[in-house]
Amino acid sequence: MDIKELELGDIDIAWCPGCGNFGILKILKQTLSEIEMPLSELVMVSGIGQAAKIPQYLRCNYFNGLHGRALSAATAIKFANRSLTVIAESGDGDMYGEGGNHFIHTIRRNPDITNIVHNNMVYGLTKGQASPTSKLQFKTPVQVGGVVLDPFNPLAVAIALNATFVARAFSGHIEQTKEIFKQAIRHKGYALVDVFQPCVTFNKLNTYKWFKDNTYYLEDDYDPTDRQAAFKRACEEGKYPLGVFYTDDSRRPWEDMADGYKHDDRPLYQREPDMTQLKQLIASYRD
Amino acid sequence: MDIKELELGDIDIAWCPGCGNFGILKILKQTLSEIEMPLSELVMVSGIGQAAKIPQYLRCNYFNGLHGRALSAATAIKFANRSLTVIAESGDGDMYGEGGNHFIHTIRRNPDITNIVHNNMVYGLTKGQASPTSKLQFKTPVQVGGVVLDPFNPLAVAIALNATFVARAFSGHIEQTKEIFKQAIRHKGYALVDVFQPCVTFNKLNTYKWFKDNTYYLEDDYDPTDRQAAFKRACEEGKYPLGVFYTDDSRRPWEDMADGYKHDDRPLYQREPDMTQLKQLIASYRD
Amino acid sequence: MAVSLTKGRADVSIVLCGQAGQGIQTVDSLLSGICKRTGYNVFSTQEFMSRIRGGANSTQIRVSSKPVSAFVRRIDLLIPMSKNAIEHVENRLSDDTLIVGDKVTLGDSVDQNKHNFIEIPFTEIAEEAGGKIYANTAAVGALAALLKIELSDVNEFLAGFFKSKSSEIIDNNKKAAAAAYEKSKALLDSGDIELELKKDQSLKEQLLLGGAEAVSIGAIAGGCNFASSYPMSPSTAVLTFLAQKAEQFGLIVEQAEDEIAAMNMSIGAWYAGARAMVTTSGGGFALMTEGLSLAAMIESPMVIHIGQRPGPATGLPTRTEQADLNLALYAGHGEFPRVIYAPGNPQDAMSLTHKAFNIADKYQVPVFVLTDQFLLDSRYTIPEFDLSEVKNEKHLVKTDKDYLRYALTEDGVSPRGIPGYGEGLVDVDSDEHDAAGHITESMEVRNRMMQKRLIKKTELIRNETIAPELVGSDDYKTLVICWGSTYHAAKEAMELLGRDDVALLYFKQLWPLPEQAADYLKKAEQTIIIEGNATSQFAQLIKLETGISIEHRINKYDGLSFFVEEIYEAVNNLI
Amino acid sequence: MAVSLTKGRADVSIVLCGQAGQGIQTVDSLLSGICKRTGYNVFSTQEFMSRIRGGANSTQIRVSSKPVSAFVRRIDLLIPMSKNAIEHVENRLSDDTLIVGDKVTLGDSVDQNKHNFIEIPFTEIAEEAGGKIYANTAAVGALAALLKIELSDVNEFLAGFFKSKSSEIIDNNKKAAAAAYEKSKALLDSGDIELELKKDQSLKEQLLLGGAEAVSIGAIAGGCNFASSYPMSPSTAVLTFLAQKAEQFGLIVEQAEDEIAAMNMSIGAWYAGARAMVTTSGGGFALMTEGLSLAAMIESPMVIHIGQRPGPATGLPTRTEQADLNLALYAGHGEFPRVIYAPGNPQDAMSLTHKAFNIADKYQVPVFVLTDQFLLDSRYTIPEFDLSEVKNEKHLVKTDKDYLRYALTEDGVSPRGIPGYGEGLVDVDSDEHDAAGHITESMEVRNRMMQKRLIKKTELIRNETIAPELVGSDDYKTLVICWGSTYHAAKEAMELLGRDDVALLYFKQLWPLPEQAADYLKKAEQTIIIEGNATSQFAQLIKLETGISIEHRINKYDGLSFFVEEIYEAVNNLI
Ligand SMILES: Cc1ncc(C[n+]2csc(CCOP(=O)(O)OP(=O)(O)O)c2C)c(N)n1
Ligand SMILES: Cc1ncc(C[n+]2csc(CCOP(=O)(O)OP(=O)(O)O)c2C)c(N)n1
Ligand code: SF4
Ligand code: SF4
Ligand SMILES: [Mg+2]
Ligand SMILES: [Mg+2]
C-alpha cells in the first residue's frame with residue numbers, strides 16, 4: 001500500500017518540534033504501508049496524553065478513549081470482530097500508570113492485539129510530572145526532590161506475566177523499530193512494544209543522546225524463547241538492550257477459545273439472536 | 001503479649017467450617033502475640049471478600065475499606081503515622097484483581113507495610129468465580145468451559161517489580177507460616193506474603209490435599225538475595241516452593257525519603273500549620 | 001383446636017429459615033416447582049446474609065389461588081431449619097403462625113407455650129431414608145402434603161430435579177419425602193390443620209422464574225451478544241446466566257479485572273458492532289461513571305444493568321434498596337442524555353431490558369436498567385413472555401468513503417458506522433471533536449456538538465417514554481406512586497385497602513420522566529410515594545420535573561423490601 | 001488621529017496572543033508584576049489549548065485604576081506574537097483595538113486597511129539585545145511605556161525576576177526592554193496614543209495571585225498536611241504547589257498511580273489523623289466516587305477539590321465550565337450528606353478551602369471545593385488575606401479503653417479517635433456497622449446508623465451554611481444569580497448596567513443550599529441565572545430546594561468563561 005493512503009495531508013500536529021513521537025508516527029506509517037494493511041481492517045486505540053494523539057495523525061479507524069483504558073477497549077474490539085487488526089498505542093503514564101491493572105490482565109488474556117507504548121519517562125501532556133518509568137532522582141514540579149519510586153520495568157513485568165511477545169525499541173531507529181513493529185503485528189496474541197521516546201520539552205534527562213548512549217541491540221543469536229534469559233536481559237540497567245526479548249507461541253489468544261466463537265465464526269455485528277433457541281430457553285422455565 | 005488480648009471472645013465467624021482462613025487467623029494471632037505487638041500501634045487494613053473479614057476477628061485497630069483498595073489506604077496510614085505497624089490483608093481477587101494497579105505501584109513505593117494475601121484461587125464471597133490466580137481449566141459458573149486466562153503469578157510479578165520482600169506460605173502450616181509472617185512484619189519496607197488457602201466451598205481443585213501434595217519449602221541454603229534465582233523459583237509450577245523467595249534491604253521505604261518528614265518526625269496528627277511561614281508565603285505574593 | 005393456614009385468604013405464606021449453606025434454596029426450588037406444576041401461583045423471595053455458611057437466612061414462599069408477587073410480613077407456616085431460625089423471624093410471628101419442625105434441630109429455641117408448634121421429625125426421617133442431607137426433601141414432602149399435592153406429583157418432580165444423580169439418591173429423596181408426607185397428611189386428615197387453596201391447571205403453562213433470569217433473557221432478546229462485568233451482588237446472576245448461554249447463543253462474555261475494564265470493554269465492543277452490556281451494583285457502577293461519560297461523548301450506545309443494594313460503600317451487600325436512582329441519573333462528568341428504566345416484575349424486566357438495547361442503539365445513548373436485589377432474587381409465576389414484540393432493531397449503516405461519524409443531521413442522530421463494514425473510516429474521540437471525529441478546540445464546533453449530542457437528543461428521548469401504569473380507578477382522590485420492584489407490594493396493598501378513591505401509579509421509566517406524570521399527579525387530592533430509600537429520590541425528580549411536591553413519603557432503608565402490610569398500614573393511616 | 005486606549009474607562013484590556021511555548025506566560029507574569037508594583041490593579045486570565053507547543057493561546061491582562069477581576073471581550077491593545085494570533089482573536093477586535101506588533105512575525109496576517117496597527121520591531125530589538133528570545137521582554141518594555149511605568153521600575157523588576165540567571169542575560173533583558181520602551185514612549189509622547197490610568201501606591205501592599213495558589217494556601221491554612229492526587233488539568237497546579245511546599249510545611253504529598261488510589265490514600269490518611277485532600281477534575285473525580293461513598297460510610301472527613309473543565313469525557317481539557325455541580329452533588333452510591341463550596345475569587349478560594357477542612361473534620365463528612373479552570377488559572381490583585389479567622393479546629397479525641405468509633409450521640413456526630421492516640425481501638429468499616437465499627441446486618445442498627453449518619457448530620461450541616469452575598473440594592477426588582485467563578489464578570493456587568501433595581505446574588509456555598517436563598521428569590525419580580533453550563537444545574541437545585549423556578553437562564557458552554565459584555569447584554573435584554 002502506498003504510504004500516501006495513510007497521510008491526512010496538511011494537518012496541524014500538536015506535538016513539539018523535535019519530539020520523539022514524530023519518529024514513531026513515521027515508523028508506524030511505514031510499517032502499515034509495507035505490510036499492506038487494508039485500512040478498513042485496522043483500528044487504532046489510544047488513551048489520553050501526547051502519545052495518545054497518534055491516531056489523529058494518520059488515516060485509520062480509531063477509538064481515542066479514556067486515559068488509561070486503551071487496552072480494555074482494544075481487547076473488546078478484537079473480541080467483537082476478529083478480522084480487525086487492533087493496535088493499542090499510548091503513553092507510558094497511560095499504559096503503566098492509570099492503566100496498570102489492564103496491562104496486567106490484558107497480558108493474562110492474551111488477545112491478538114499489538115500494544116505500542118511511547119515511553120518518554122514523563123507525563124508530557126500534563127506538563128512534566130514523573131511517569132511510572134521515570135528514572136530515580138528525575139526532578140519535576142511534583143517530584144521536587146527527585147523521583148523515589150522504583151521505576152516500572154514494563155518488560156520484566158510482562159515477562160513475569162507470561163506475555164507472548166515482549167520487545168523494546170527506540171523512536172530514533174527507524175529501520176530496526178519498523179521490523180519490531182512488523183513482528184509484533186504479525187504475532188498471534190498480545191504483543192508489547194515499549195518504545196523509548198525522547199520528550200524534548202519535559203525530559204532533559206532522557207534525551208536523544210541519552211537513549212543513543214544507553215541502548216544497544218540484543219545479539220543476533222539471542223534466543224527469545226528462553227523466559228529466564230529474557231527476564232535477565234529485561235532487568236539489565238545502565239545500558240538497555242533493544243529488540244525482541246521474548247516470544248511464546250504456545251498460548252492461544254482468548255478470542256480463539258471463547259465460547260461465543262465455538263459454533264459461529266462471524267463477527268458480532270452480523271449476528272441476530274436465535275429466536276428458536278430463545279423460545280426453547282423460555283419454555284424451559286415452565287418445568 | 002498474651003494471645004488472649006487479641007481474642008474477641010465468643011464471636012460469630014462468617015467463614016465456612018474448615019476454611020483455610022481459620023488457619024491464617026490463628027497464625028496471625030500467634031505471630032502478633034509472639035512479637036509482642038502493642039495493640040494500639042497495630043492497624044489492620046483490608047478490602048472486601050471472605051479473607052478481608054479477618055480484622056473483624058481479632059482485637060485490633062482496623063480500616064476495612066473498599067474492595068481492591070486496601071494497599072492505598074494502608075500506604076497512607078503508614079505515611080501519616082510512621083510509628084504504626086500496618087498490615088494490609090485481603091483475598092487474591094481483592095489484591096491482584098480489582099486492586100492490581102495498587103499492587104504494582106505500592107511495590108514501587110515500598111512503604112513499610114506487610115501485605116498478606118489469602119490466595120484461595122477463587123472469589124469466595126461472591127460465590128465461586130475465577131480469581132486472577134485460578135488455575136487453567138478451573139470451572140466456575142462464569143468460567144463455564146474453564147479458566148483460559150493465564151494465572152497471575154504474584155511472586156514473579158513482585159520480583160519483576162523489585163519488591164523488597166517476597167514470600168509464599170500455606171495456611172495449613174502453622175509454624176512455618178508464623179516464621180514468615182514475623183520476618184515480613186520485621187522487614188523494613190513492603191513485604192508480600194502470598195498464602196495458599198483452601199476454600200473448601202468453592203474450590204474443589206485446590207484443596208488441602210492439593211496444596212499439601214503440590215508444595216515444598218525452599219532449601220535451607222537458598223539465597224533470597226539473588227533476584228534472578230528468585231524469579232526462577234517463583235516461576236516453578238507443578239510443585240510450588242514455599243518460603244521467602246526474595247529480600248532486598250537496599251531500598252528505603254518511601255516515607256523515610258518524604259519531604260514532609262525531612263524536618264519533622266512527628267506523625268501528622270500532631271502537626272499544626274506554621275502560621276509564621278504561612279504569612280511569609282502569602283507575603284511573597286506581594287512582589 | 002384446628003389451625004387454618006389460609007383463613008379465607010387466597011394464599012398461604014410459608015417461610016423457610018435456616019443457615020446459609022443448609023440448602024434452603026433447594027427446598028424453595030423444589031417446593032415452588034411442585035406447586036406451580038400442581039396449579040398454584042407461586043412467589044418466593046429470599047433475604048440472606050453476606051456469608052457462605054452459617055448465620056440466618058429466610059425464604060418466603062407464597063402459594064396461592066390467585067396471582068401473588070409480593071413480600072408479606074405475615075408468616076402462616078414457618079419451617080425453622082436451624083436453632084437460630086425462630087429467633088431470626090420472631091418479630092414476624094403471630095398467634096396464627098404454625099411452626100413445623102424438628103426438636104432435634106430446634107432444641108429449646110421452640111417454646112410450646114409461646115409457639116404454635118407441631119413436630120415432624122425431619123432429621124429422623126432423613127436418617128432413615130439414607131442420611132441427614134435428606135432432611136430438606138423431607139420438609140418438601142411435609143409441605144406438599146399440607147398443600148394437598150399428590151405424592152405421585154412430588155415423586156415425579158423429584159425424579160426430574162435430581163435426574164443427574166444416582167438412582168439411589170433419587171430413591172432416598174423419594175423415601176424422605178414420602179415419610180414426611182405421610183406424617184403431615186395425617187395432620188391434615190385429623191383436621192388439626194386446615195388449608196383452602198384452589199388449583200388452576202392452566203398455570204402449568206406459566207413460567208416460574210426470577211428477575212435475574214428475566215433481565216438476562218431480555219438482554220438476549222435485545223440482541224445482546226457481548227457482556228463484560230465484574231462479579232458483584234446482586235447483579236452477578238445476570239453475568240452467570242449469560243456466561244452459561246454463551247456457547248448456545250454465540251455471546252462473548254468476559255469477567256473483567258475490575259469494573260473500569262468491564263465498562264470500557266463494553267463500549268469498545270459497541271464501537272466494533274457488538275451489542276454490549278455491563279451488569280453491576282451501585283458500588284461497581286461508581287467505578288464505571290468515567291466510562292459512562294465516555295460513552296456519552298463518543299455517542300456510543302450502552303446498556304447498564306444496576307442491581308441496587310444498600311449503601312453507602314459496601315453497605316449491606318446481599319440486601320435490597322432503591323437508593324441509586326440519583327447515581328444513575330447524574331453519574332458522569334459533563335452533561336449528556338440518558339434513559340433509565342426500572343422494571344417492577346419479570347415481565348417488565350424482560351421487555352425493558354430488550355427495549356434498552358433498541359433505544360440505546362437508536363439514539364446512541366446510555367440506557368440503564370435499574371433493578372435491585374429483591375427483584376433479581378425473587379421468583380414469580382408469570383404468563384408466557386410475549387415475544388411478538390421482540391424486534392432487534394439494528395441501526396448500523398454501511399459506511400461509504402466519505403463517512404463522517406458525527407455528521408450533523410436534523411435530529412442530532414448521526415448514522416452509526418463501525419470499522420470493517422463499508423469503505424469509510426470510523427473515528428471516535430473522547431475529546432471534543434468535529435464531524436469526522438477529530439479533536440477540535442473550535443468553540444463553534446463545540447457549541448454545535450453540544451446542541452446535537454445533548455440538547456437535540458434529549459428532546460428525542462423525551463418523546464419516546466413509557467407511560468406509567470395506573471392501577472385502580474381513574475377517579476382517584478389519593479394517588480400512591482411507586483417505581484421498580486415495590487410495584488407488587490404496593491399493588492397488593494391497594495387490593496387490601498379495596499378503595500375506589502385510591503389508585504396506584506407505577507413508573508417503569510424514570511428518566512426522562514414520562515410526560516403523563518404531571519397530569520396524573522395534578523388530578524390527585526392527595527399524593528403518597530413509596531420508595532425503598534431514605535431521601536425519596538424519585539419524589540425529588542418528580543418535583544424537579546413537574547414542580548409538584550408529593551405530600552407523603554413512605555421510606556424504608558433497612559435492607560428489606562417493603563412488606564405488603566407496611567404499605568397498607570402506612571397508606572391507610574394517611575387517607 | 002490619536003487613539004485612546006482607555007476612552008474614559010478606568011482600565012485597559014491588553015491581550016497577548018501567540019503559540020504555546022512562546023512564553024506568553026512570562027510576559028504576563030512580568031507585566032502583571034510590574035503593573036501591580038506601579039500601583040495599578042491587575043487581572044490576568046489565560047485561554048489555552050491542550051498542547052505544549054504551537055496552536056494559538058491568549059492571555060488577557062486588564063490594568064486598571066479600579067479593582068477589576070473579570071474577563072472582557074473587549075480588546076484595547078493586542079500584542080500578537082505569532083502569525084496565527086490575530087486570526088485567533090479576530091472576532092473580539094473592534095475599530096478601537098490597537099494592534100502593536102512586529103511585521104517580521106505577523107507577515108500578511110496584519111492588514112493595515114482593516115487593523116489599527118502600529119509597528120514596534122520586537123524581533124529586531126531582541127536580536128540587537130542578544131537574541132530572538134528577548135522579544136518577550138521587548139514586548140514588556142513597550143507595554144510598560146504605554147502604561148506610563150518608569151523604566152527604572154521595569155529594570156528593577158526584571159533584575160528581581162531573572163535573579164537566578166547570569167548577569168549577561170539580565171542585561172540583555174534590560175536592553176531589549178529599554179529599546180522597546182523608548183519606541184513606544186515616543187508614540188505616547190507624540191500624542192498618537194492616549195491612556196489615562198490612575199496609580200494607587202497602596203496597591204503595593206496587595207497580593208497578586210491566582211486561584212490555584214489561593215486554594216493551596218487555604219489548604220495549608222486549614223491544616224492540610226497530606227495530599228494524594230493524580231495530575232489532571234486544571235487541578236494539577238494545586239498538587240504542584242503543595243509538593244513545592246512539602247518540605248517547608250511538613251506535608252506529605254504523593255502523586256498516586258491513579259485517582260482511585262489518590263482518594264483511598266487520602267481517606268486512609270484521615271483515618272490515621274492527617275488532614276488530607278485530593279485535587280482533580282471531573283473525569284478524575286468520576287473515578288473517586290466509590291471512594292467518596294466510602295468516606296461517607298466510615299464517616300471520614302474528606303476534602304475534595306474539583307477544578308471543573310468541559311466534558312463529557314476528556315472534553316476540552318484546558319478550558320473552563322461549571323458543569324460538574326450535579327456530579328459533586330450526587331456522586332457516590334447510597335445516601336449520605338456532603339457540603340459543596342464554590343469560591344468566586346481568590347479570597348473566597350482561600351477562606352473556603354480553609355473552612356472545608358474544619359467543617360469536614362467537625363461533621364465527619366466530605367466537603368467539596370468546586371472551582372474551574374478560569375478561576376484557577378486567572379491572577380488577581382487582592383487585599384491581604386485575613387488570617388485572623390484562620391483557626392485549625394481539631395476535632396480529634398484521645399481514645400480510652402472503651403472507645404467506640406460510632407457511638408450514638410444526640411447530634412449524630414461520634415467523637416473521632418485515631419489509631420495510636422489513646423488506649424482504644426479505632427475500627428471503621430465500609431459495610432454497615434455497629435457502634436464499635438463491626439459489621440452488622442441488624443436492621444435495627446442499620447436504621448439507627450442511617451438516622452445518625454444521614455439524617456441527623458444533614459440537619460447539622462444545613463444549620464451551618466454560608467449566606468449568599470447580595471451585590472447592589474436591597475430594593476431590587478430583578479435578581480441576577482451566579483455562583484463560583486462567574487461572580488466577578490456578573491458583578492462588573494451589574495456595574496455597567498448601573499441600575500438600582502437590579503441586584504446580584506452570589507452563592508459561594510451551593511449545598512446545602514443556604515436558607516436565605518428562598519427569601520432573596522421570593523422578593524424578586526424577575527430572576528435570571530448565569531451558569532457556565534448547558535442545563536442550568538444550580539437553577540435546578542434551587543428549584544428542588546425552594547420550589548422556585550428561575551425564569552431566565554443564561555448559559556455558556558463553549559469552553560470560555562463569560563465575558564462581562566455577554567452578561568451585560570443578556571441581562572440588559574431581559575430587563
Ligand atoms: C482519568 C484521567 N486522569 C488524568 C488525566 C490527565 N492526563 C492526561 S494525559 C496524562 C498523562 C500523560 O502521560 P503519558 O501517558 O505518559 O503520555 P505523554 O503525554 O507523555 O505522551 C494525564 C495524567 C486524564 N485525562 N484522565
Ligand atoms: C467494587 C466492587 N466490585 C465488586 C465487589 C464484590 N466483591 C466482593 S468480594 C469479591 C471477591 C472476593 O474475592 P477475594 O478477594 O479472592 O476474596 P475471598 O472471598 O476469596 O476471600 C467481589 C468481587 C465489591 N464489593 N466491590
Ligand atoms: S511535551 Fe514531550 S512528549 Fe509531548 S509533544 Fe512535546 S516533546 Fe513530545
Ligand atoms: S467460601 Fe471459601 S474462602 Fe469463603 S469462608 Fe467459605 S471456604 Fe472460606
Ligand atoms: Mg509519557
Ligand atoms: Mg479469593
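Since this is a predicted model, take the numbers as computed values, not measurements. Below, chain A is the first sequence line, B the second, and so on; all start at residue 1.
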If you check every heavy atom in residues 263-274 of chain A against those of chain C, which residues fall under 4.5 Å? A:His263, A:Leu268, A:Tyr269, A:Gln270, A:Arg271, A:Glu272, A:Pro273, A:Asp274

Choice from A:Arg59, A:Glu41, A:His67 maximising heavy atom contacts with chain C below 4.5 Å: A:Arg59

Does any heavy atom of chain C fall under 4.5 Å from the side chain of A:Leu42, the backbone, both, or neither of them? neither

Who among A:Glu255, A:His105, A:Lys78 has the most heavy-atom pairs with chain C under 4.5 Å? A:His105

Less than 4.5 Å to any heavy atom of chain A: does that hold for the side chain of C:Lys36, its backbone, both, or neither? side chain

For A:Ile282, is it the side chain, the backbone, both, or neither that has a heavy atom closer than 4.5 Å to a heavy atom of chain C? both

Separation of A:Tyr57 OH from C:His438 NE2 (nearest 0.5 Å): 10.5 Å

So which of A:Gly65, A:Gly68, A:Ala258 has the biggest tally of heavy-atom pairs under 4.5 Å with chain C? A:Gly65

Can a donor-acceptor pair be found, under 3.5 Å and without considering hydrogens, that links the side chain of C:Glu290 to the backbone of A:Leu66? no

Separation between OG1 (A:Thr75) and CG (C:Asn264), nearest 0.5 Å, reads 10.5 Å

What distance separates C:Ile267 CD1 from A:Phe63 CZ, expressed to the nearest 0.5 Å? 6.0 Å

Top contributor to chain C interface from A:Lys262, A:Met44, A:Gln56 [non-hydrogen pairs under 4.5 Å]: A:Gln56

Ignoring hydrogens, what is the shortest heavy-atom contact between A:Ala76 and C:Met265? Give both atom names and the distance. CB-O, 2.9 Å

C:Gln206 portion near chain A, given a 4.5 angstrom heavy-atom threshold: backbone

Which atoms of A:Met275 are under 4.5 Å from chain C, going by heavy atoms: the side chain, the backbone, both sets, or neither? side chain

Kindly check if the number of other-residue, nucleotide or ligand heavy atoms within 6.0 Å of NZ (C:Lys391) is above 12? no

Chain A heavy atoms under 4.5 Å from C:Leu251: which part of the residue, side chain, backbone, both or neither? backbone

Could you have a look at A:Asn101, A:Ile104, A:Leu39, A:Val43 and say which one has the most heavy-atom pairs with chain C under 4.5 angstrom? A:Asn101

Which answer fits A:Leu84, side chain, backbone, both or neither, if we ask what part of it has an atom under 4.5 Å from a heavy atom of chain C? side chain

Shortest non-hydrogen contact from C:Ala272 to A:Asn81? O-CB, 4.4 Å

Which value, rounded to the nearest 0.5 Å, describes the distance between A:Tyr62 atom OH and C:Arg405 atom CZ? 12.0 Å

Mind checking which of residues 421-431 of chain C sit less than 4.5 Å from chain A, heavy atom to heavy atom? C:Tyr421, C:Gly422, C:Gly424, C:Leu425, C:Val426, C:Asp427, C:Val428, C:Asp429, C:Ser430, C:Asp431

Least distance between heavy atoms, A:Asp259 atom then C:Ala246 atom: CB-CB, 3.9 Å

Among C:Val390, C:Ile298, C:Ile217, C:Ile260, single out the residue with the greatest number of heavy-atom pairs under 4.5 Å to chain A. C:Ile260

Is C:Leu396 close to chain A through its backbone or its side chain, or both, or neither, when contacts mean heavy atoms under 4.5 Å? side chain

Pair count under 4.5 Å, heavy atoms only, with chain C: among A:Cys60, A:Ser284, A:Ala70, A:Pro55, highest is A:Cys60

Can you tell me how far the OH atom of C:Tyr403 sits from the CG atom of A:Asn61, to the nearest 0.5 Å? 10.0 Å

Kindly compute the distance separating CZ (A:Arg82) from CD1 (C:Ile252), expressed to the nearest 0.5 Å. 7.5 Å

Chain C heavy atoms under 4.5 Å from A:Ile11: which part of the residue, side chain, backbone, both or neither? neither

Could you label the plane-to-plane angle of the A:Phe79 and C:Phe226 rings as parallel, tilted or perpendicular, counting under 30° as parallel and over 60° as perpendicular? tilted

Flag the pair A:Arg109 and C:Glu254 as a salt bridge only when some basic side-chain nitrogen lies within less than 4.0 angstrom of an acidic carboxylate oxygen. yes

NZ (A:Lys26) with more than 12 external heavy atoms under 6.0 Å: no

C:Ile220 versus chain A, the contacting section by heavy-atom distance below 4.5 Å: both

Going by heavy atoms in the side chains, are C:Ile382 and A:Tyr285 under 4.5 Å from each other? no

Given heavy-atom pairs under 4.5 angstrom as the criterion, report whether the side chain, backbone, both or neither of C:Glu205 touches chain A. both

